[in-house]
Structure formats: structure tokens, C-alpha cells
Amino acid sequence: MIELGVNIDHVATVRQARRTYEPDPVVAAALAEQGGADGITFHLREDRRHIQDRDVEILKATVTVKTNFELACADEVVAICCRTQPNWGLLVPESREEVTTEGGLNVTGDAGRVKAAVARLKEAGILVSLFIDPDLDQVRASAELGVDAVELHTGPYAIAGREDQKRELDRLAAAGREVTAAGMRLHAGHGLNYINVRDVAKLPDMIELNIGHSIVSRAVMVGMKEAVSEMRRILDLCAP
Ligand SMILES: CC(=O)[C@@H](O)[C@H](O)COP(=O)(O)O
Ligand SMILES: NCC(=O)COP(=O)(O)O
């Protein structure tokens with residue numbers, strides 16, 4: 001059965017639109033758990049555009065399923081992650097100009113910075129995952145760093161037209177085989193929704209999917225518990 005990580009960033013996006021106290025991502029996380037989430041994912045960005053330090057502290061104290069702390073390879077947030085002690089740290093690229101994460105980590109080109117962040121998280125006893133493009137060289141470079149998982153960036157697949165989506169799915173499948181062969185857990189995420197998730201969930205050896213924006217969008221209409229339950233049911237049908 002595929003593990004579902006629910007990313008609650010965009011509950012905080014709505015709150016930050018008015019710089020107020022609601023909707024609270026901490027409450028959303030509890031409802032996501034009731035809906036069947038196996039993990040709660042949250043991205044403490046350097047620019048704090050959504051998730052705040054206060055959210056991280058309370059999520060650590062209240063979430064009863066896996067916690068997956070997304071962060072850049074930057075000293076400040078790495079230190080916060082080490083202090084927070086989540087189950088997982090997911091290293092992602094980050095730039096202030098981006099609307100959302102654009103590409104995967106450049107593990108081959110920026111190995112020193114990634115390696116340093118990985119070492120600090122592992123020294124703190126945190127399981128480490130790297131968010132990378134479905135590229136065989138990036139997978140191999142990730143394996144050399146001794147990380148516990150790789151999360152394949154499904155963004156290009158998610159935005160591809162019908163003709164290109166098959167090609168992108170094949171890229172994900174090939175990279176997934178390489179991840180599994182290297183002995184790492186195979187995760188995937190970004191831009192997955194209630195339709196396009198099905199083919200990704202069916203990829204061999206897929207262990208975990210991290211999904212946020214589409215679940216939060218659905219939750220605006222039907223509530224977080226129901227939105228997560230619906231995604232849970234789809235995953236259970238695709239990958240029992
Ligand atoms: C890495 C990824 O795809 C997301 O988990 C990340 O959190 C996206 O950033 P925003 O949530 O700020 O859109
Ligand atoms: N790492 C991907 C994630 O946590 C959720 O991404 P999205 O579904 O919000 O695009």
C-alpha cells in the first residue's frame with residue numbers, strides 16, 4: 001500500500017494572505033491524519049511565505065504520523081530541522097523568485113552543498129530524502145551520498161500534454177528502477193492530483209507520494225478530512 005504524505009503548505013498560504021491566525025495548518029494536519037494520511041509534509045521556506053516557525057514547533061508536538069520537513073540546503077533551516085527532529089528531512093531547491101519548486105536538486109553539480117546538509121541531518125538522526133528530477137545521473141549521485149530515499153519530481157509529468165505525459169512517465173519509471181536498484185526508498189511528488197496520480201501510483205516499487213496543492217484545493221470545497229480520504233481511496237485502488 002502506498003504511503004500518502006499530505007503537504008499542508010497551502011493551508012498556510014491562505015492564512016498568510018491576511019497575515020492572520022486562520023486557517024491553521026496544525027488543525028489541517030490533524031484532519032489529514034483522520035482522513036488517512038501516513039505522513040505530514042511541511043516546507044519551511046527561507047522566505048517564510050507560508051509555513052512559519054511556530055507551525056513547525058506545534059506540528060512536531062502534535063502530529064502522530066510521520067513528519068516530513070522540507071527545506072533548502074541552507075544553514076538556518078538545516079539548524080532548525082536538526083533541532084526539530086522530524087522523522088524525515090527532504091532537501092529541495094529553493095529560490096525567492098519561484099512561484100513553487102521548479103526543478104530538482106542539482107546533486108551532480110552542487111554535491112558539496114548537498115553533501116554538507118545531508119551529513120548534518122543524518123548526524124542529527126533524521127532520515128534524509130532528496131527531491132530530484134527523474135534523471136539517472138542525479139539518482140546515482142544521490143545514492144553516493146548515502147541518503148535513505150529519493151523523491152522524484154513529478155512536475156514535468158503533471159503539466160505535460162497527452163503526448164508528452166507518456167514520455168515523462170517513462171522517465172519516472174526508468175529513474176524509479178535506478179532508485180530501487182540503489183537500495184533507496186522510491187518517493188514522488190509535485191503537481192499530483194486526483195487524476196494524474198493513478199499512473200504514478202502504479203509505478204513499480206513506488207513507496208510514498210507527497211501531495212499538497214491538489215488536496216488543499218479539494219479541501220477548500222469538501223474539507224480536509226474528506227479530501228484526504230478521497231485521495232487515500234484512489235491510491236488504495238491503484239496500488240493495493
Ligand atoms: C518540493 C515540492 O514540490 C513541494 O513539496 C514544495 O513544498 C513546493 O513548494 P511550495 O509548497 O512552496 O509550492
Ligand atoms: N514534495 C512534493 C509535495 O510535498 C507536494 O507538492 P504539491 O502537491 O503541493 O505540488
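Order of appearance sets the numbers: ligands from 1, and atoms from 1 within every ligand. Note that this is a predicted model, so its numbers are computed, not measured.
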query = Is atom NZ of Lys115 surrounded by more than 12 heavy atoms (other residues, nucleotides or ligands) closer than 6.0 Å?
reply = no
query = Looking at ligand 2, does any of its N/O atoms fall within less than 3.5 Å of an N/O of Ser214?
reply = no
request  = Starting from atom 4 (O) of ligand 2, find the nearest protein heavy-atom neighbour and note its residue, name and distance.
outcome  = Asn7 ND2, 2.8 Å
Proximity of Glu151 to ligand 2 by residue part, where a heavy atom lies under 4.0 Å = side chain
remark   = Taken in chain and number order and not counting sequence neighbours, the residues that satisfy side-chain hydrogen bond (donor to acceptor under 3.5 Å, both in side chains) with Asp9 are Asn7
inquiry  = For a quick test of reading the model, state the closest non-hydrogen atom pair linking Ile2 to Ala239 and the distance between them.
reply    = CG1-CB, 3.8 Å
query = Going by the atom numbers of ligand 2, which of them fall below 4.0 Å from some non-hydrogen atom of His213?
reply = 7 (P), 8 (O), 9 (O)
inquiry  = Could you identify the single nearest non-hydrogen protein atom to atom 8 (O) of ligand 2 and state the distance to 0.1 Å?
reply    = Gly212 N, 2.8 Å
ask   = Which value, rounded to the nearest 0.5 Å, describes the distance between Thr154 atom OG1 and Asn193 atom CG?
value = 9.5 Å
key: Residues which pass ring-ring contact (aromatic ring centres under 6.0 Å, His included) with His10, listed by chain and number, not counting sequence neighbours   = His50, His213
message = Taking only non-hydrogen atoms of His43, do any sit less than 4.0 angstrom from ligand 2?
response = no
Glu151 versus His190, side-chain donor and acceptor atoms under 3.5 Å = no
task = Go through ligand 2 atom by atom and flag the ones less than 4.0 Å from a non-hydrogen atom of Thr41.
result = 4 (O)
note = The protein residues that pass the under-4.0 Å heavy-atom test against ligand 1 are Asn7, Asp9, His10, His43, Arg45, His50, Glu70, Val92, Thr100, Thr101, Phe131, His190
key: Leu90 CG to Phe131 CZ distance, which is reported to the nearest 0.5 Å   = 7.5 Å
Asn87 side chain to Thr67 side chain, donor-acceptor N/O pair below 3.5 angstrom = yes
Remaining members of hydrophobic cluster (4.5 Å side-chain criterion), Leu127 = Trp88
task = For side-chain contact (heavy atoms from CB on, under 4.5 Å), just list the numbers for Val26 and Arg54, CA-CA rounded to whole Å, side-chain angles, deciding distance to a tenth of an Å, and then say yes or no.
result = CA-CA 10 Å; Val26 172; Arg54 163 262 183 207; 3.8 Å; yes
task = Please report which non-hydrogen protein atom sits nearest to atom 6 (O) of ligand 2, along with the residue it belongs to and the distance in Å to one decimal place.
result = His190 CA, 3.6 Å
remark   = Near Gly191 (heavy-atom distance under 4.0 Å), the atoms of ligand 2 are 7 (P), 8 (O), 10 (O)
